[in-house]
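Some notes on the structure that comes next.
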Amino acid sequence: MDARVKPRRLEHEFDRVALALQGGGALGAYQAGAYAALFEQGVLPDWVVGVSIGAINAALIAGNPPERRIQAIDAFWHRITRFMPGQFALPDLPVSPAVTNWITASRNLMFGQPAFFKPRVPPPLFWPQDTEQALSYYDITPLRDTLLEFVDFDRLNDGPVRVSVGAVDIYNGNTHYFDTRERRLGPEHIMASGALPPGFPPVEVEGRWYWDGGLASNTPLDYIMHDTPRPDTLVFQIDLWPAKGEFPRNIIDVGERAKEIQYSSRTRLNSTQAVREMQLKRRVRKLLDRLRHEDEEADALMRELEADCAGGVATIVHLIYQARPYEHDSKDYNFGRRMMEEHWHSGEADVARVFRLPDLLEKPTVEVGIRVVASDKVEGLGTRVKTDR
């Protein structure tokens with residue numbers, strides 16, 4: 001896109017637009033493509049919440065002006081999917097996609113990925129205990145330099161887009177969100193969100209150590225829905241792991257399905273609970289409107305209940321990546337150029353399809369509270385042709 005072209009803004013009736021970006025390593029290119037298509041539709045988010053690779057994509061979005069975002073995201077993903085120093089990727093081999101993916105993923109495991117992570121030499125078992133080198137198989141210092149190249153952290157912190165990234169506190173095992181409403185974020189906060197063990201080392205932030213947020217909860221929707229106060233919100237939830245799947249046929253399928261279940265983080269359950277919670281709050285508000293109270297203690301309790309039940313309506317547009325049959329359990333660490341481009345185009349295609357729905361941006365009534373549009377419920381969305389390409 002020409003940097004001089006001012007992006008248009010999508011017309012809607014919501015007070016804010018939020019992006020919820022799940023973690024999933026190399027699958028994050030799906031989010032990048034989805035956001036490129038959302039940008040073409042005029043979606044300019046007010047708030048981006050991400051976990052792991054979702055945190056990196058969040059930083060790329062908020063850390064660049066709208067007219068340069070897509071170029072920055074595209075350049076980042078091309079940088080981390082090249083194989084050797086220089087601006088090129090290895091050509092595909094004349095074999096099936098499944099074999100090509102296995103070779104590419106194995107290459108990433110052995111040699112790392114320039115501009116992102118590199119293997120420790122010697123491996124961690126040969127380092128003394130209590131050293132950083134003993135805690136992971138890869139060194140992620142290249143990622144810091146790459147983030148500083150593609151993300152303007154002054155803009156990320158001072159610009160109009162709120163950013164929140166989830167990580168896990170190693171000491172208490174709880175999810176912690178680093179939020180620009182509360183602090184200034186730097187590369188270390190983004191890297192902490194994506195520090196998945198045992199591949200990547202923990203990252204120190206403000207005297208505490210953190211691992212990948214996906215260990216505890218890989219889906220940041222809950223953080224958005226429990227924001228206080230919450231205005232009327234349009235949420236684009238872009239997930240990389242489907243909760244639904246087929247019964248495995250072999251040990252490779254077992255590994256893939258186990259990852260999908262683990263990292264989908266009960267995403268459909270979260271949205272269902274959000275709907276039920278909104279319905280309960282609506283009933284409590286109706287009851288409070290009819291109650292009469294005569295003492296100060298009851299008055300104070302009523303005010304507390306009213307505050308607990310505050311929150312605007314929301315529409316959640318839920319996009320879920322559906323892997324191709326030849327990707328298998330290495331899909332989150334296959335940083336090959338071909339698969340990156342396939343993931344990117346899948347994100348673009350799914351957004352294009354969901355925007356064909358005539359009532360997509362409809363604002364729910366107070367009685368409804370929360371409306372969910374899920375891609376796996378829309379004909380033609382979230383499906384992949386089952387072929388060897």
Side-chain angles (χ1 to χ4, degrees), residues 18-28 31 47-60 62 116-117 120 124 129-141 143-144 147 151 156 162-227 237-241 243 255 258-271 273-274 332-333:
L19 298 183
L21 306 178
Q22 208 177 61
L27 297 175
Q31 293 172 343
W47 186 15
V48 189
V49 186
V51 173
S52 196
I53 197 66
I56 292 175
N57 283 327
L60 291 166
F116 199 155
F117 58 93
R120 294 200 184 279
Q129 289 192 105
D130 300 321
T131 63
E132 178 183 323
Q133 293 86 347
L135 300 179
S136 69
Y137 289 100
Y138 300 96
D139 178 1
I140 58 173
T141 53
L143 176 59
R144 180 182 182 87
L147 287 172
V151 177
L156 183 148
R162 176 183 173 188
V163 179
S164 310
V165 297
V168 170
D169 187 315
I170 293 178
Y171 299 99
N172 58 33
N174 292 332
T175 298
H176 181 82
Y177 275 90
F178 301 112
D179 196 316
T180 53
R181 270 192 177 179
E182 302 168 354
R183 55 165 55 84
R184 295 187 69 82
L185 303 190
E188 65 276 11
H189 298 90
I190 310 303
M191 294 168 69
S193 182
L196 183 65
F200 296 164
V203 176
E204 184 179 15
V205 178
E206 300 168 12
R208 295 187 72 84
W209 292 89
Y210 295 88
W211 269 331
D212 191 300
L215 289 176
S217 178
N218 199 36
T219 301
L221 177 66
D222 191 59
Y223 188 71
I224 294 175
M225 301 309 294
H226 286 90
D227 186 46
Q237 180 181 352
I238 308 177
D239 286 356
L240 304 177
W241 302 96
K259 280 186 179 179
E260 289 175 343
I261 293 172
Q262 178 183 1
Y263 292 120
S264 67
S265 291
R266 307 179 305 280
T267 182
R268 182 54 56 79
L269 176 62
N270 290 339
S271 58
Q273 287 180 333
D332 55 331
Y333 59 88

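Remember, predicted model here, so these are calculated numbers, not experimental data. One is the number of the first residue; the rest follow in order along the sequence.
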> Is there a side-chain contact (heavy atoms from CB on, under 4.5 Å) between Asn172 and Arg208 once you walk through the steps?
Replying inline: CA-CA 11 Å; Asn172 58 33; Arg208 295 187 72 84; 4.2 Å; yes

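- Gln133 and Arg120 get closest at one heavy-atom pair: O-CD, 3.4 Å.
- Interatomic distance, Asn218 CG to Tyr263 OH, rounded to the nearest 0.5 Å: 7.5 Å.
- The shortest heavy-atom contact between Leu147 and Pro187 is CD1-O, 4.1 Å.
- Side chains of Arg181 and Asp227 form a contact here, defined as non-hydrogen atoms less than 4.5 Å apart.
- Nearest approach of Ala195 to Pro202, heavy atoms of both residues: CB-CA, 4.5 Å.
- The side-chain heavy atoms of Leu19 and Asn57, taken from C-beta on, include no pair separated by under 4.5 Å.
- In this structure a side-chain-to-backbone donor-acceptor pair under 3.5 Å is missing from Ser193 to Ala167.
- From Glu132, atom CD reaches atom OG1 of Thr141 across 8.5 Å, with rounding to the nearest 0.5 Å.
- No side-chain heavy atom of Arg183 sits less than 4.5 Å from a side-chain heavy atom of Val205.
- Asp179 places no side-chain N or O within 3.5 Å of a backbone atom of Ser164 that could act as its donor or acceptor partner.
- Tyr333 OH: more than 12 foreign heavy atoms inside a 6.0 Å radius.
- A 4.5 Å side-chain heavy-atom check between Pro201 and Ile140 finds at least one atom pair inside the cut-off.
- Leu221 contributes atom CG, which lies 11.5 Å from atom CG of Leu21 (distance to the nearest 0.5 angstrom).
- Between Ala55 and Val165, the shortest heavy-atom distance links the atoms CB-CG1, 3.5 Å.
- By the 30° and 60° cut-offs, the orientation of the rings of His176 relative to Tyr210 is tilted.
- Summarising the geometry, atom CG belonging to Leu135 is positioned 8.0 Å from atom CG belonging to Asp130; distances are rounded to the nearest 0.5 Å.
- Atoms CD and CE, from Glu204 and Met191 in turn, are 12.5 Å apart once rounded to the nearest 0.5 Å.
- For Val48 against Ala58, the heavy-atom pair with the smallest separation is CG1-CB, 3.4 Å.
- Side-chain N or O atoms of Ser136 include one that pairs as donor or acceptor with a backbone N or O of Tyr138 at under 3.5 Å.
- Nearest approach of Ile53 to Gly25, heavy atoms of both residues: CG1-O, 3.3 Å.
- Looking only at side-chain heavy atoms (C-beta outward), Leu27 and Gln22 stay at 4.5 Å or farther from each other.
- Between Ile190 and Val151, the closest side-chain pair of non-hydrogen atoms is not below 4.5 Å.
- Counting heavy-atom neighbours within 6.0 Å of Trp47 CH2, excluding the residue itself, gives a total above 12.
- The structure places CD of Glu188 at 8.5 Å from CZ of Phe178, a figure rounded to the nearest 0.5 Å.
- Between Phe117 and Phe200, the two ring planes are tilted [angle within 30° to 60°].
- When side chains are defined from C-beta on, Leu215 counts as touching Leu196, because their heavy atoms get closer than 4.5 Å.
- Looking only at side-chain heavy atoms (C-beta outward), Gln31 and Ile56 stay at 4.5 Å or farther from each other.
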